[in-house]
Peer 1: 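Just dropping this structure here.
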Amino acid sequence: MKKILILIAYFTVHLTIGQTQIIHRNAEIQQMVSEISAESLEGYVRALAAFRTRHTLSKNDPKEGILASQNYVLDHFKSFEAASGGRLTSELDIFTIPADGRRIPSDSQLGNVMATLKGTDPNDDRIFIISAHIDSRALDIMNTEIDAPGANDDGSGVAAIIELTKIMSKKAFQATIVFVVVSGEEQGLKGAEYLAKKAKSENWNLVAMLNNDMIGNSNSSQTNINDNTRVRIFSEGVPAVETEQMTAIRRYTNAENDSKSRQLARFIKETGERYVDQLEVKLVYRNDRFLRGGDHTPFAKEGFTAIRVCEMNENYYHQHENVRVEDGIQYGDLPEFVDFEYMRKITGINLASLAVLAAAPSEPQSVGIDVRKLSNTSTLRWDAPKTGKAKGYYVLMRETDSSMWEKKFYTEENTLTIPYSKDNFFFGVQAVGQNGHESMAVFPQPITR
């Protein structure tokens, strides 16, 4: 007998009964989120800004410059290894970037600081990456000497990575999480490009990449908006590596808004808002800000699922500027302009999302929707996840003009027929693990025979 539970709610965990809203949170994940400290984040940001500049091509100096700052991060990663039970290992991954005639004037050695938290299931080869970039810049991108404290861009992201590594390395997860602090972002996404190509060439089962770049500013320039209650997630719609076959299916099913990156963005919104109060995740349907890019972009170009987490409002007095006072305005990316409570909340949505993803089973396989005959009902079918055991599944449904899933139907079978027309709704399927954690959703493909 089929067991079906219908949740007519905005989120899986948000069930409204009258005026009462019930939110179910996993106690262990909630505890980890509560351990995130605004004071710790502030300490990391101030220490990173104190290296004076972290320009990718800055000189090798024990007290300032990018190498000194990378050693600072690596020392923190190393200090967390003892509490991980042998699961956490860290390194500075050195590589050579050839001269490009633009922002790399000669062949240069760069490095990514990496901490790998090995998954506990030997049969689960899934990898999740969370990243930020350590390099900073001032107005002149090629000036390697001028002060470039980079407190928010991207000291805020690096601080979040350090804090996440400290907290999460004490816990065990089924899949592997890689915490990465890349270099060369301001010189053309060099560190991320190297890592994305490495992941591709070595056939990593990289399920998702979360890039955190500028997560500490809550006050905008020009428009004077003060807001630390919203954060943006950017995600691509049409995949950068879409094949002709993928294009045909996307057009056939009208799946422009249901790429894997969009599903990841929806997952982070649902999960993040479940565990972090007073923070709304805004889904921005672009790969990045208008005509701009970030360290998630090289991963998308290699075919991986990748998104960018970024503050809601940017302040251009404190981004890519020389430190100075002009017309009564303080310019420069300084720690005093970072909102550390805002950082704490954004770090929390990252932690909750990573923890659920790495503890949940993988997505259901061969997800399809039956189109063999005309019908006002919709029948979906799928196979079990490749890794991890599912105790059940959610069939998700939303209106075609809605950004988020609006209804969830629970079943313990591998097929479900619901009384809603596929003409009027979009659907997806999630696996639900024994621990109650959900996978990302999968958009169904047409079943024609």
Side-chain angles (χ1 to χ4, degrees), residues 38-56 58 64-66 69 103 131-163 181-187 189 211-232 234 279 282 284 288-295 308-347:
E39 291 75 18
S40 293
L41 294 169
E42 179 175 0
Y44 301 141
V45 167
R46 292 191 179 278
L48 289 163
F51 287 104
R52 198 178 67 77
T53 180
R54 303 190 306 276
H55 192 286
T56 295
S58 55
E64 63 181 49
I66 191 166
S69 67
R103 295 186 177 184
S131 81
H133 73 86
I134 197 166
D135 53 299
S136 63
R137 60 165 289 182
L139 189 59
D140 179 1
I141 184 58
M142 298 307 294
N143 190 329
T144 65
E145 298 291 336
I146 195 171
D147 285 356
N152 185 45
D153 185 14
D154 184 28
S156 62
V158 174
I161 299 299
I162 297 173
E163 186 78 343
V181 174
V182 301
S183 61
E185 193 270 353
E186 304 289 7
Q187 305 307 116
L189 314 178
N211 172 36
N212 282 255
D213 193 348
M214 299 191 303
I215 60 170
N217 176 73
S218 57
N219 176 261
S220 69
S221 52
Q222 290 86 42
T223 50
N224 298 316
I225 297 172
N226 289 284
D227 182 8
N228 73 354
T229 64
R230 296 184 297 166
V231 61
R232 294 178 291 180
F234 293 89
L279 188 66
K282 301 295 291 184
V284 182
D288 207 319
R289 299 149 302 158
F290 190 59
L291 302 182
R292 301 168 75 181
D295 285 322
R308 175 183 180 143
V309 182
C310 187
E311 61 205 22
M312 190 69 203
N313 298 287
E314 297 178 50
N315 194 313
Y316 299 113
Y317 300 145
H318 312 310
Q319 184 183 139
H320 298 181
E321 277 287 357
N322 297 342
V323 178
R324 69 191 191 282
V325 176
E326 186 177 302
D327 296 329
I329 298 173
Q330 175 68 66
Y331 289 83
D333 193 353
L334 299 165
E336 50 261 44
F337 299 115
V338 176
D339 183 336
F340 298 104
E341 172 60 14
Y342 185 43
M343 276 184 63
R344 181 195 65 79
K345 292 190 286 186
I346 296 175
T347 304

Peer 1: The criterion is side-chain hydrogen bond (donor to acceptor under 3.5 Å, both in side chains); which residues satisfy it with S221, sequence neighbours excluded?
Peer 2: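 Result, side-chain hydrogen bond (donor to acceptor under 3.5 Å, both in side chains) vs S221: none returned.
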
Peer 1: Tell me, do V231 and M312 make a side-chain contact under 4.5 Å, heavy atoms counted?
Peer 2: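 Result no, sub-4.5 Å side-chain heavy-atom pair not found.
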
Peer 1: Could you grab the distance from atom OG of S136 to atom CZ of R52, nearest 0.5 Å is fine?
Peer 2: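 Rounded to the nearest 0.5 Å, the OG-CZ separation comes out at 9.5 Å.
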
Peer 1: Is E186 close to T56 at the side-chain level, that is, under 4.5 Å between some pair of heavy atoms?
Peer 2: no

Peer 1: Using a 3.5 Å distance criterion without hydrogens, assess whether the side chain of D135 forms a donor-acceptor pair with backbone atoms of G184.
Peer 2: yes

Peer 1: Do Q319 and N217 meet the criterion of a side-chain donor-acceptor pair at a distance under 3.5 Å?
Peer 2: no

Peer 1: Identify the residue among D333, D213, D295 that makes a side chain to side chain contact (heavy atoms under 4.5 Å, CB included) with D154.
Peer 2: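 Testing D154 for a side chain to side chain contact (heavy atoms under 4.5 Å, CB included) against D333, D213, D295 leaves exactly one candidate, D213.
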
Peer 1: Identify the residue among D339, T229, N228 that makes a side-chain hydrogen bond (donor to acceptor under 3.5 Å, both in side chains) with S218.
Peer 2: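 Answer to the side-chain hydrogen bond (donor to acceptor under 3.5 Å, both in side chains) test with S218 among D339, T229, N228: D339.
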
Peer 1: To the closest 0.5 Å, what do you measure between CD1 (I346) and CE (M214)?
Peer 2: 11.0 Å

Peer 1: What I'd like to find out is whether the side chain of E326 reaches to under 4.5 Å of the side chain of E321, using heavy atoms alone.
Peer 2: no

Peer 1: Could you pull out the closest heavy-atom pair between G294 and N211, with the gap in Å?
Peer 2: C-ND2, 4.1 Å

Peer 1: Could you please spell out the steps behind the side-chain contact (heavy atoms from CB on, under 4.5 Å) verdict for M343 and V338?
Peer 2: CA-CA 8 Å; M343 276 184 63; V338 176; 3.6 Å; yes

Peer 1: Got a sec, which residues hit salt bridge (Lys or Arg N to Asp or Glu O under 4.0 Å) with E145, two or more places apart in sequence or on another chain?
Peer 2: none

Peer 1: Taking the side chain from R54 and the backbone from G150, do they hold a donor-acceptor pair closer than 3.5 Å?
Peer 2: yes

Peer 1: Quick one, Q187 with I141, criterion side-chain contact (heavy atoms from CB on, under 4.5 Å). Give me CA distance, side-chain angles, the key distance, then yes/no.
Peer 2: CA-CA 8 Å; Q187 305 307 116; I141 184 58; 3.2 Å; yes

Peer 1: For H133 and D153, does a side-chain donor sit closer than 3.5 Å to a side-chain acceptor?
Peer 2: yes

Peer 1: Mind checking whether Y331 and Y317 have parallel, tilted or perpendicular rings, split at 30° and 60°?
Peer 2: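 Plane angle over 60°, so perpendicular.
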
Peer 1: Quick one: does S156's side chain have a donor or acceptor within less than 3.5 Å of a partner on I215's backbone?
Peer 2: yes

Peer 1: How long is the gap from CD on E311 to CG on N212, to the nearest 0.5 Å?
Peer 2: 11.0 Å

Peer 1: Could you work out, with ring-ring contact (aromatic ring centres under 6.0 Å, His included) as the rule, every residue matching F234, not counting sequence neighbours?
Peer 2: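 F234: no ring-ring contact (aromatic ring centres under 6.0 Å, His included) contacts found.
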
Peer 1: Please find the pair of heavy atoms, one from A148 and one from A138, that lie closest to each other, and give the distance.
Peer 2: CB-N, 4.0 Å

Peer 1: Nearest 0.5 Å, what's the OG1-CE distance between T144 and M142?
Peer 2: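 One finds 8.0 Å between OG1 of T144 and CE of M142.
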
Peer 1: Holding to side chain to side chain contact (heavy atoms under 4.5 Å, CB included), I want the full list of residues that pass it with I225, two or more places apart in sequence or in another chain.
Peer 2: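 With sequence neighbours excluded, I225 shows a side chain to side chain contact (heavy atoms under 4.5 Å, CB included) to S220, T223, D227, N313, given in chain and number order.
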
Peer 1: If every non-hydrogen atom of I134 is compared with every non-hydrogen atom of S69, which pair is closest and at what distance?
Peer 2: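 Scanning both residues completely, I find the closest heavy atoms to be CD1-OG, 3.4 Å.
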
Peer 1: Using a strict 4.0 Å threshold on nitrogen-to-oxygen distance, state whether R232 and E314 make a salt bridge.
Peer 2: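 A salt bridge is present here (some side-chain N lies under 4.0 Å from a carboxylate O).
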
Peer 1: Report yes if some heavy atom in the side chain of F340 is under 4.5 Å from a heavy atom in the side chain of V45; otherwise report no.
Peer 2: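 A side-chain contact under 4.5 Å exists here.
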
Peer 1: I'd like to check D140 versus I146 (side-chain heavy atoms, cut-off strictly below 4.5 Å). Are they in contact?
Peer 2: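 Counting from C-beta outward, D140 and I146 never come under 4.5 Å.
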
Peer 1: Taking salt bridge (Lys or Arg N to Asp or Glu O under 4.0 Å) as the test, write out the residues that go with R137, two or more places apart.
Peer 2: none

Peer 1: When rounded to the nearest 0.5 angstrom, what distance separates CZ in F337 from CG in N152?
Peer 2: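 With rounding to 0.5 Å, CZ (F337) is 11.5 Å from CG (N152).
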
Peer 1: Using the side chain to side chain contact (heavy atoms under 4.5 Å, CB included) criterion, which residues pair with S58? Sequence neighbours excluded.
Peer 2: T53, H55, I66

